[in-house]
Amino acid sequence: DVKVTQSSRYLVKRTGEKVFLECVQDMDHENMFWYRQDPGLGLRLIYFSYDVKMKEKGDIPEGYSVSREKKERFSLILESASTNQTSMYLCASSPGTFADTQYFGPGTRLTVL
Amino acid sequence: GQQVMQIPQYQHVQEGEDFTTYCNSSTTLSNIQWYKQRPGGHPVFLIQLVKSGEVKKQKRLTFQFGEAKKNSSLHITATQTTDVGTYFCAGYGYGNKLVFGAGTILRVKS
């Protein structure tokens, strides 16, 4: 079974802090994704990566950056957290093509005070 | 850009009643996927539809892809309490990404 893990289930940070969310997948998948999920808005794509050190902006990249130094690990960085970044963050991975099934991690509920 | 609209946003049904959620895209899709997210859980892949007019069944769940490949539906026959959760459609069209609908929250009264 594909396993996607995220570093924390719950996280509380203060405005202005730098926040790192880590995601690791164990199936040698090429593609990795970061979404945020908010009530009534569904899943919105922040960034994705199709290879090590490669990244592309999704629909809502402002205020976020990412890092993919190793194939299995994709990190989401909030350089200076703000209260409007309070959300559920979901990481996903998929094999070969972008049209493939995505496998999601358990999510990180981030609260920015 | 590509948009995927999903309705209804929320539905509360009596156990045993049927349930349908609909998905509409502003552009033609090459495929559409459906995911289920249980309360407190993460989205889990259910199925992918690729062909125009395709219909697939999984037990009590029936998935359809429209002839024009711009809409899709998920129908659940005789809902059970285990069906509760949020159902998302996600379409793959222009660009290298899936676009998710906002989801339909299903609650089932027993």
Side-chain angles (χ1 to χ4, degrees), chain A residues 1-10 21 23 25 27 29-51 54-61 66 74 87-109, chain B residues 1-11 21-51 56 58 63 65 69 72 85-105 107:
Chain A
D1 276 354
V2 175
K3 191 154 188 191
V4 180
T5 57
Q6 294 183 230
S7 49
S8 307
R9 288 303 304 271
Y10 300 94
L21 302 182
C23 176
Q25 50 95 4
M27 284 302 291
H29 282 174
E30 304 294 326
N31 310 309
M32 296 187 75
F33 308 83
W34 275 106
Y35 295 90
R36 64 177 283 177
Q37 182 176 17
D38 301 288
L41 297 177
L43 280 70
R44 292 181 293 167
L45 182 64
I46 304 171
Y47 267 97
F48 63 106
S49 168
Y50 51 88
D51 201 354
M54 305 303 287
K55 60 186 179 185
E56 284 201 31
K57 292 180 179 179
D59 299 316
I60 52 164
V66 290
F74 193 34
S87 187
M88 170 67 83
Y89 289 88
L90 289 160
C91 174
S93 71
S94 73
T97 75
F98 291 110
D100 284 337
T101 301
Q102 294 194 8
Y103 298 86
F104 285 84
T108 296
R109 171 77 62 186
Chain B
Q2 179 187 334
Q3 289 190 337
V4 176
M5 310 300 292
Q6 193 173 351
I7 57 169
Q9 184 175 355
Y10 181 86
Q11 189 144 12
T21 173
Y22 300 90
C23 207
N24 290 287
S25 169
S26 56
T27 59
T28 302
L29 302 170
S30 56
N31 73 42
I32 194 154
Q33 300 177 14
W34 285 92
Y35 292 77
K36 177 183 178 181
Q37 183 177 25
R38 293 182 185 276
H42 58 274
V44 174
F45 174 79
L46 292 176
I47 208 160
Q48 177 172 277
L49 305 171
V50 179
K51 297 177 186 174
K56 287 189 176 180
Q58 288 180 350
F63 303 84
F65 201 9
K69 300 183 76 173
S72 181
T86 303
Y87 293 85
F88 292 99
C89 61
Y92 183 73
Y94 297 118
N96 297 329
K97 53 188 190 238
L98 279 180
V99 177
F100 281 81
T104 296
I105 299 170
R107 293 290 177 258

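In this text, all values refer to a predicted model and were calculated from it rather than measured experimentally. A, B, ... follow the sequence lines: proteins, then strands. Residue 1 opens every chain.
Using the six-membered ring where Trp is involved, B:Phe100 and B:Tyr35 have ring planes that are tilted, between 30° and 60° apart.
Among B:Pro43, B:Gly101, B:Ala102, B:Ala90, the residue making the largest number of heavy-atom pairs under 4.5 Å with chain A is B:Pro43.
Between B:Phe45 and A:Tyr103, every side-chain heavy-atom pair lies at or beyond the 4.5 Å cut-off.
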(request) Evaluate side-chain contact (heavy atoms from CB on, under 4.5 Å) for B:Gln33 paired with B:Tyr92, printing each intermediate quantity in order. (result) CA-CA 8 Å; B:Gln33 300 177 14; B:Tyr92 183 73; 5.8 Å; no

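Contacts of B:Gln37 with chain A are made by side-chain atoms alone, with heavy-atom separations under 4.5 Å and no backbone atom involved. Interface remark: A:Leu41 contributes backbone atoms only to the contact with chain B (heavy atom separation under 4.5 Å).
Looking at every heavy atom in both residues, B:Ile32 comes nearest to B:Cys89 through CD1-CB, 4.2 Å.
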